[in-house]
Amino acid sequence: MEKDKLIKQTLKSTQWPPVSGDFQYKTMQKVFLLAEKKRKRAYFLNLVGISLVSLLLVAACVYILKVYFAFSFTLPEIHLTSSSLSILMFSFYIAALVLLLIGLDAFMRRKWQMRNGNLE
Amino acid sequence: MENKDEQIIIKRILEGETAMFSHFVEQYSHSVYSMIVRIVQSREDAEELSQDAFLKAFSKLETFKGDCSFSTWLFRIAYNTAISFVRKKKVILPAIDESLIETVSDEAVGTFFDEDENERRLQQLEIAIAQLNAEEKALITLFYLESKPVNELAMVFGLTTENVRVKLHRTRKKLFVLIKMQDGER
């Protein structure tokens with residue numbers, strides 16, 4: 001059976017057109033796409049896994065705090081007086097001022113960068 | 001390529017070096033294609049199926065245990081891909097009386113296939129090979145053209161080594177009968 005030179009010769013002589021020249025390139029392109037898909041799927045699965053574990057940890061924390069430490073999650077009642085209202089208004093004023101200054105800083109920086117970039 | 005080198009390449013591919021897979025594509029694309037093209041008898045289909053086989057091999061690479069060579073594992077995937085395709089197409093092959101195959105002696109077949117080649121015999125054999133079923137075509141291509149040993153063929157076809165030997169003997173006898181039918185001797 002190992003000899004059978006007639007069969008060997010026929011198989012060798014029956015030549016089909018060879019595989020096209022860009023076969024390797026096309027196959028590797030598809031392999032790269034598949035690898036990217038695999039990488040994305042693994043990333044998504046990791047993300048889902050991490051999210052589930054995080055949720056479980058939070059749930060476990062809440063359960064332990066509630067059951068073992070009798071922790072209450074209800075917010076304390078807040079009574080606003082005129083003095084506390086003025087402090088609140090002042091805080092809002094300071095916050096608005098900070099936001100305005102940060103915005104102005106960002107605007108000036110961008111302008112400076114654009115002018116610098118244009119000069120180069 | 002040695003098994004050890006293959007294992008190193010596979011490890012690197014699994015670690016993210018996808019480009020390393022081109023070693024396997026470069027090395028085995030011709031062999032895989034030549035086996036599939038004989039099964040499906042169409043260049044376009046064979047190219048597409050060869051590509052499918054490589055993609056399947058890549059996506060299942062982590063399941064490759066290394067208990068056989070990478071080429072054997074790849075041929076198994078390629079064979080299964082081609083067989084599923086052929087089954088869908090439902091090719092009708094000429095029926096042969098099984099008793100005819102049983103009555104042929106091994107000696108007669110051995111002498112016949114060791115004859116010196118001549119154009120007419122080669123042509124007859126080519127026609128006979130085209131009349132074999134997909135498994136038989138793949139079997140003789142891997143055994144005679146790719147010189148795969150019987151134990152590796154057993155892994156490719158999911159058979160025992162003894163079954164592969166029996167199938168090879170039977171395929172030779174079938175080819176002999178098909179040629180004799182062309183000669184009109186039977």
So what's closer than 4.5 Å to chain B heavy atoms on A:Lys26: side chain, backbone, both or neither?
both

Should [X] and [Y] be counted in the same cluster of Ile, Leu, Val, Met, Phe, Trp and Tyr side chains packed under 4.5 Å apart?
{"X": "B:Val166", "Y": "B:Met155", "value": "no"}
{"X": "A:Val98", "Y": "A:Phe90", "value": "yes"}
{"X": "A:Phe32", "Y": "A:Leu34", "value": "yes"}
{"X": "B:Ile9", "Y": "B:Leu14", "value": "yes"}

In short, B:Ser29 meets A:Phe23 closest at the heavy-atom pair CB-CE2, 3.5 Å

Using every non-hydrogen atom in the two residues, find where B:Phe21 and A:Val31 come nearest and quote the distance to one decimal.
CD2-CG2, 3.9 Å

Do any of residues 40-72 of chain A have a heavy atom less than 4.5 Å from a heavy atom of chain B, and if so, which, in residue order?
none

With no hydrogens and no angle check, just 3.5 Å: does a side-chain donor-acceptor pair link B:Gln51 and A:Lys30?
yes

Could you grab the distance from atom [atom1] of [X] to atom [atom2] of [Y], nearest 0.5 Å is fine?
{"X": "A:Ile7", "Y": "B:Leu122", "atom1": "CD1", "atom2": "CG", "result": "11.5 Å"}
{"X": "A:Lys8", "Y": "B:Phe143", "atom1": "NZ", "atom2": "CZ", "result": "7.5 Å"}
{"X": "A:Gln9", "Y": "B:Glu126", "atom1": "CD", "atom2": "CD", "result": "11.5 Å"}
{"X": "A:Met28", "Y": "B:Glu26", "atom1": "CE", "atom2": "CD", "result": "10.5 Å"}

Are there residues of residues 39-48 of chain B that reach to under 4.5 Å of chain A by heavy atoms, and which ones?
B:Gln41, B:Ser42, B:Arg43, B:Glu47

So, does B:Arg38 use its side chain to make a donor-acceptor pair with the main chain of A:Leu11 at under 3.5 Å?
yes

[X] versus chain A, heavy atoms under 4.5 Å apart: side chain, backbone, both or neither?
{"X": "B:Leu55", "result": "both"}
{"X": "B:Ser34", "result": "neither"}
{"X": "B:Phe58", "result": "both"}
{"X": "B:Ala19", "result": "both"}

Under 6.0 Å from the [atom1] atom of [X], do we count more than 12 heavy atoms belonging to anything else shown?
{"X": "A:Tyr25", "atom1": "OH", "answer": "no"}
{"X": "B:Lys11", "atom1": "NZ", "answer": "no"}
{"X": "B:Arg170", "atom1": "CZ", "answer": "yes"}

When only pairs under 4.5 Å are counted, which of B:Leu125, B:Leu145, B:Thr141, B:Ile13 shares the most heavy-atom pairs with chain A?
B:Leu125

I want to check something: taking the side chain as every heavy atom from C-beta on, are A:Glu36 and B:Thr18 in contact at a cut-off of under 4.5 Å?
no

